[in-house]
Amino acid sequence: MSGKLSRLFAVAVAAATLLAAPSVVAADRFIIVQSTTSTQNSGLFDHILPLFEKETGIEVRVVAVGTGQALKNARNGDGDVVLVHAREAEEAFVREGWGVERFDVMYNDFVIVGPTAGPAGIAGMSDAVAALKRVAAARAVFLSRGDDSGTHKKELSLWRAAGVDAQAASGTWYRETGAGMGTTLNTATGMGAYTLTDRGTWISFNNKADQAILVEGDDRLFNPYGVILVNPARHPRVRAVDGQAFIDWLTGAEGQRAIASYRLNGQQLFFPSRIPGRPNT
Amino acid sequence: MQDFGDAFGLAFGLILTGDADLAEIVALSLRVTLVAVAVSCLIGFPLGAATAILRFPGRQGVVVAMNALMGLPPVVVGLLVYMMLSNAGPLGVLQLLYTPTAMIIAQCVLVTPIVAALTRQTIEDMASEYDEQLRSLGVGPVGQIGTLLWDARFSLLTTALAGFGRAIAEVGAVITVGGNIDHVTRVMTTAIAVETSKGNLGLALALGFILILLAMVVNGLAMTLRSQWMARAYG
Amino acid sequence: MVDLALPQGAALASRRPILPLQATGLSYATTQGTWVGPVDLSIGAGGVTVVLGPNGAGKSVLLRLLHGLLEPTSGSVTWNGRTADRDARLRQAMVFQEPVVLRRSVAANLRYALRIRGLRGAALREAADQWLDRSDLARLARRPAAVLSGGEKQRLALARALCGEPEVLFLDEPTANLDGASIVSIESLLRTARDLGTKMIFVTHDLNQARRIADDVIFMASGKVCERAAADAFFETPETPEARAFIDGGIVL
């Protein structure tokens, strides 16, 4: 490349990158929502948030991490709203004064996935606890999130109900990835292992290979999501008004309709809670 | 091998169709990293040169620390900067968390030690040759730093490129302080992380190829400019 | 034609001169032994003082002690009765055996030295041009200094040293690595400098060069000053056995 041309190109690249990048600071109104990877990666937010933004002019910025980290970030005041799926942790969050009030938003269910011709032989079962007992008995490889997330807490409660101390076997047939759902599913596919996942993430996941849903339908696999406003009394910089507007919309008729209308591969991933706007049902 | 082929094809397709999301992510990656490298050089060049030529108590400790900090784990840097910028932290009032500025700060922390340590080595190698002549001419320590840095400019460009390479490739720091927010703080590496977590391995790999291509373009451009610059300076 | 007496030179003459240079009990020792000293001498204005002697005699160390590049372990150096300060520094210059040129053009090298001495704008450009002409480097003015030949680089180093109109110029074997033609052009430039009134203190081990250019001679051996005399007297009738051996030996060490 000739001298002048490459210099011109360099200047053009520099100018383009400096000018073309989104002018983040210029956004007038926005809220930060600490949420989970299941809501983000499933595409739900991409579907419902534009509707809210168009109606209110409030941009919603989602930080999608695990439930544990989302609640921790919110305790630090680094979010205006949390939307997660770990009922007990959410209630503790409000009880300790970090959140104002918890509202039901939506629900779906968890499923156990794994190799169709797996060693534990649990395909088609609808009793999750019995299925996990078989997995333990067969010492079949089971992957845990191991990250204090909603999924992780649900998984541990199922092991407790099965009377199995799975964590004692950590490192043998029971393996803790300490990672998000997507990473854990990738690892499960790679190892041909069993794992617990929420249906929304599973349906939107594209590296299923030979893995499939093996166990579903157990009442204990119920997965409710809650939304909480971060307490402005504890963190004065919380955008309480806009945050509450989001919660009102989400639990109101429009938000609930938007959630219900989201389809992926023809399937509905999230179901709106039946009584919008009433706490702790 | 079929996956690689698919990924290549996907990468080409994204580039040729001028995919808008891709352009946005590439632009932000370049903006964050180029600004971070520029600031790191502004700090690291004089810091490295000063450490090279000045003698002060504890100098050896500073040199060791500089070299060791080159190996700072990005995820740790991300955590530390997060704790500083968090609303619960000392700099929360600046409201920088989850913005590109926070990402630039984190990458500066990562890149400055690299620039400083490499600059120190480069200048130290030159200093003994220049020392007597510069002192004879009446140049003080500050002037010596400036003169040595300018005379070392071609090596320093390579140092800057080393810093660029480190920054454009890291994900641990930017994902923690940036939050990987779509259209706001999503860069190439965090986009790859998200697509991987969705199981979209082909797309993740394609983005990876594009990132490598991006790094090659920047380096190629820098080296071309460098050799022209050198030709003018050396004849 | 450019006036040889620059405004800067006039200002120099009206200021207090830094000569004579006085060394008292000067010595330099390291853990490896005493390189130089003790040395007592006084160098006044006018002409070329050659510091002569065999290798290892301490000539280069003495030069650096006088110029202030080395701190003596004992003794002192004074300039016209005063200790060395920044003003004295800026009115001296030194040329080394290996020329150190900056990575920029030939003309920029000269401008660098001139800027340190406070010149700006038109005065700076004129001074640079004048010395480019005097050192026959004008046609190379915009060339990068790094591509010059050894002889040209040394001429540049010398021009750079002289363009600031120093009162004293130290030279440490400046032509030791050069061919005959380069030596001729360097010595010619030195004559120009001497005619302008610059005092030169010149270290060499080349007897013939010393005969060509010296006005007076300081002969050193084993770190001490053995003999000091006017050039003619020294070369005709050296007094000390070391000096006699050096001159008679005639070997370029």
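Remember, it's a predicted structure, so these values are computed and weren't measured experimentally. By convention in this document, chain letters (A, B, ...) are assigned in the order of the sequence lines, proteins followed by strands, and residues within each chain are numbered from 1.
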Main-chain N/O of B/L137 paired with C/R160 side-chain donor or acceptor, under 3.5 Å: no
Separation of C/L70 CG from B/R135 CZ (nearest 0.5 Å): 7.5 Å
Heavy-atom neighbours of B/M70 CE exceed 12 at 6.0 Å: yes
Segment of C/I116 engaging chain B (4.5 angstrom heavy-atom cut-off): side chain
Options C/R142, C/R64, C/R143, ranked by heavy-atom pairs under 4.5 Å with chain B, top entry: C/R64
Side chain / backbone / both / neither for C/R86 at chain B, heavy atoms under 4.5 Å: side chain
Working for side-chain contact (heavy atoms from CB on, under 4.5 Å), residues B/R153 and C/R103: CA-CA 9 Å; B/R153 55 197 181 277; C/R103 252 178 229 171; 4.0 Å; yes
Region of C/F170 that comes under 4.5 Å of a non-hydrogen atom in chain B: neither
Validation row: B/W150, C/L102 side chains within 4.5 angstrom (heavy atoms): no
Distance (rounded to the nearest 0.5 Å) between C/F96 CZ and B/E132 CD: 5.0 Å
Least distance between heavy atoms, B/D151 atom then C/R104 atom: OD1-NH2, 3.6 Å
Proximal to chain C - members of residues 105-120 of chain B, heavy-atom separation under 4.5 Å: none
Side chain proximity check, C/E98 to B/E129, heavy atoms < 4.5 angstrom: no
Atom of B/S136, atom of C/H67 and distance for their closest heavy-atom approach: OG-NE2, 2.8 Å
Exceeds 12 heavy-atom contacts within 6.0 angstrom, atom CZ of B/R59: yes
